[in-house]
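Report on the following structure.
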Amino acid sequence: MGKYKIKVGIIGGSGLGDIANKVLTNSNQLDLKDLKNDFGIPSGNIYTGVINGVDVALLSRHGQGHKINPTNVNYRANIEALKLIGCTHILASNACGSLCEEIGRGQLVIPDSYIDRTVARKNSLFDGTSPRYQGVCHMPMEPSFHPDVADVFEQAAKELGISVRKGGTIVIIEGPRFSSKAESNAFRLWGGHLVGMTSCPEVSVAKEAGIIYGAIAMATDYDCWKESDNVCAGDVIQVFLQNVSKITDLLIKAVELIGQRQWDQQLDHLKNLVESGNVSSKN
Ligand code: ADE
């Protein structure tokens, strides 16, 4: 047993209800009025409970009924709500487009870096909004997605016999529109493997909050760089739903594996990063 009590927040969309109904024990629902924090109101109620002896908290990124678009998701309020209820880890799931031939529809990928093309999102907790995050903090973004969570996802996939690709760069666009063909081709030239709309600023804000964050992405389409193979929302939903049980199984297994590991060192390290990244005078 380490010095931190481990609690795993799961941020996702479809499939979260399945986790809540099938495997969560001691479940409880936290209402929005209790989750409001210095950054505002999170996307929806948070379901807490236990999976294989590990405390978990489930949050749907786009709210109930998928009503909040990627720009309007209050990423900071979501992360702060999870932080305030004691989450040490966040596992995120994302649907995304594939920017390369070898990542096919339904393929799961553990991203290890990103290119942020968003333009209209508040992207730091350290902007004077909250007394809990004072000063100016410059967080290093390598690694951005936590490598130990990537190892956990890889191990979980191996134990479950699910195919995952470890590593990949995800380009995050503002949305809600998809990319143009020229943009899609540019992202490929930049070395992007995936294109999505929601990892930024979630991944960097989680790091500022000192939370260990990892993501599992599912490629649902080939965006629009391929000849006569253009993404549309209906196809994204269809492919995601066809494959969503792989993600839910993986998340459940990953929670179990996180509970078996030691995290003190990693959590201390993140805390130090936040302190040393803060350049404002402390006196
Ligand atoms: N989510 C699923 N497919 C996507 C795509 N092609 N671009 C951005 N986000 C996506």
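Please read these numbers as outputs of a predicted model, since none were measured by experiment. Start at 1 and go down the list; that is how both ligands and their atoms are numbered.
- With a 4.5 Å cut-off between side-chain heavy atoms of Ile, Leu, Val, Met, Phe, Trp and Tyr, the cluster of Ile237 takes in Leu241.
- In this structure, Phe126 and Tyr133 have perpendicular ring planes: the angle between them is above 60°, well past the 30° mark.
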Could you list each nitrogen or oxygen of ligand 1 that sits under 3.5 Å from a protein nitrogen or oxygen, with the atom names and the distance?
unit_1   : atom_1 : unit_2 : atom_2 : d
ligand 1 : 1 (N)  : Ala95  : O      : 3.4
ligand 1 : 3 (N)  : Gly97  : N      : 3.4
ligand 1 : 3 (N)  : Asp221 : OD2    : 2.6
ligand 1 : 6 (N)  : Asp221 : OD1    : 2.9
ligand 1 : 6 (N)  : Asp223 : OD1    : 2.8

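- Under the salt bridge (charged side-chain N to carboxylate O under 4.0 Å, His left out) criterion, the residue pairs touching residues 76-92 are Arg76-Asp127, Glu80-Arg132, with sequence neighbours excluded.
- Between Asp55 and Lys5 there is a salt bridge, since at least one side-chain N of the basic residue sits less than 4.0 Å from a carboxylate O of the acidic one.
- Using cut-offs of 30° and 60° on the angle between ring planes, the pair Trp190 and Phe187 is tilted.
- Other cluster members for Ile68: Val73, Tyr75, joined by side-chain heavy-atom distances under 4.5 Å among Ile, Leu, Val, Met, Phe, Trp and Tyr.
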